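If you're wondering where the values come from, they're calculated on a predicted model, not measured in any experiment.
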Amino acid sequence: SSMFHLYFSNVEDFKYLRSEEEYLNALPSLNELKFLAPTQYANVVSLTVTTSEIRDFYSDEFAVDCALTLGKTKYLEDDEKKLYDRVVNLAKELKGKDEYNTVKNIHDYLVLNFEYPLSYFGKDVHMLSYALETKVCVCDGYSKAFYFLCKANGIECIIVNGTVINPDGSKDTHAWNKVKIKDKWYAVDVTW
């Protein structure tokens, strides 16, 4: 396992968080980091993750999630700030007249513009940055793009990881979303 630290200039939003579950609720992308219980001292949150590869794999997405949650970008590194700006600018373009239309715009944009790769070619197809740049991704990329574009528009959304049964009866891992519109939760699968 490997340890890393997150630094926040202001942790007002986090000062009452006490459990792993509360951190996961505040920052859903911690799920992706497969982290062990966090320790918080003042404005530093220490996390232990299962491997450094997982931390590197998701660190940009985690940083963007933090920035959207806190409404602050001061602690973002250059690559993270670029990804944050890309998410926020695209989210603005897709904003509709209400929650429903915003969610529909995000859904339709991803369905009409993104492609599932014809053959699997590495970890990039799982990453938000690659999905937004190339518009090629697997279910991870689709569900992350949907999550971040909703969150940047102030709409509650989560990523759901689970198992699906393919038409041939085989099982596979899959990711999709749940989104809250007018106080009701709806399942959305942008990939399929």
Q) Restricting to pairs with a member in residues 162-181, which pass ring pair (Phe, Tyr, Trp, His ring centres under 6.0 Å), not counting sequence neighbours? A) His174-Trp176, His174-Trp192
**Q.** Ala63 to Leu76 - nearest heavy-atom pair and separation
**A.** O-CD2, 3.5 Å
**Q.** Main-chain N/O of Glu61 paired to Asp65 side chain as donor or acceptor, under 3.5 Å
**A.** no
Q. In a check of salt bridge (charged side-chain N to carboxylate O under 4.0 Å, His left out) between Glu156 and each of Lys180, Lys151, Lys178, which one passes?
A. Lys180
**Q.** Distance (rounded to the nearest 0.5 Å) between Lys82 NZ and Glu77 CD
**A.** 12.0 Å
Q. Taking the side chain as C-beta and beyond, is there a heavy-atom pair between Leu68 and Val88 under 4.5 Å?
A. yes
Q: Nearest 0.5 Å please: distance from the OH atom of Tyr84 over to the CG atom of Asn89.
A: 9.5 Å
Side-chain donor-acceptor distances from residues 163-171 under 3.5 Å, at least two apart:
residue: Asn166; atom: ND2; partner: Ser170; partner atom: O; Å: 3.4
residue: Asn166; atom: ND2; partner: Ser170; partner atom: OG; Å: 3.0
residue: Asp168; atom: OD1; partner: Ser170; partner atom: N; Å: 2.9
residue: Asp168; atom: OD1; partner: Ser170; partner atom: OG; Å: 2.6

(Q) Show, in sequence, the C-alpha distance, side-chain angles and deciding distance for Phe146 and Asp189, and conclude whether the side chain to side chain contact (heavy atoms under 4.5 Å, CB included) test is met. (A) CA-CA 9 Å; Phe146 185 84; Asp189 191 328; over 6 Å; no
Q) Are Val136 and Phe114 close enough, and set up right, to give a side chain to side chain contact (heavy atoms under 4.5 Å, CB included), and what steps lead you there? A) CA-CA 6 Å; Val136 174; Phe114 282 46; over 6 Å; no
Q | Heavy-atom closest contact (Pro117 atom, Val138 atom, distance) | A | CG-CG1, 3.8 Å
Can you list, pair by pair, the side-chain donor-acceptor contacts under 3.5 Å of residues 97-112, counting residues two or more places apart and other chains?
residue: Asp98; atom: OD1; partner: Tyr100; partner atom: N; Å: 3.4
residue: Asp98; atom: OD1; partner: Asn101; partner atom: N; Å: 2.8
residue: Asp98; atom: OD1; partner: Asn101; partner atom: ND2; Å: 2.8
residue: Asp98; atom: OD2; partner: Asn101; partner atom: ND2; Å: 3.4
residue: Glu99; atom: OE1; partner: Lys182; partner atom: N; Å: 2.8
residue: Thr102; atom: OG1; partner: Gly96; partner atom: N; Å: 2.8
residue: Thr102; atom: OG1; partner: Asp98; partner atom: O; Å: 2.9
residue: Lys104; atom: NZ; partner: Asp108; partner atom: OD2; Å: 2.6
residue: Asn105; atom: ND2; partner: Leu94; partner atom: O; Å: 3.0
residue: Asn105; atom: ND2; partner: Asn101; partner atom: O; Å: 3.3
residue: Tyr109; atom: OH; partner: Lys135; partner atom: NZ; Å: 3.4

Q. For Leu83 and Ser129, which heavy atoms make the closest approach, and how far apart are they?
A. CD1-CA, 3.8 Å
Q. At their closest point, which heavy atom of Tyr186 faces which heavy atom of Ile181, and how far apart are they?
A. CE1-O, 3.8 Å
Q: Find the distance between CG (Leu149) and CZ (Arg86) and round it off to the nearest 0.5 Å.
A: 11.5 Å
Q: Please report the shortest heavy-atom distance between Val87 and Ala152, naming the atom on each side.
A: CG1-CB, 4.0 Å
**Q.** SG on Cys150 to CG on Asn177, rounded to 0.5 Å
**A.** 7.0 Å
Q.
Any side-chain to backbone donor/acceptor pair from Tyr116 onto Cys139? Under 3.5 Å, distance only.
A. no
Q) Is there a donor-acceptor pair closer than 3.5 Å between any side-chain N or O of Asp124 and the backbone N or O of Tyr130? A) no
Q: Kindly give the heavy-atom pair with the smallest separation between Cys157 and Tyr147, and that separation in Å.
A: O-CE1, 3.2 Å
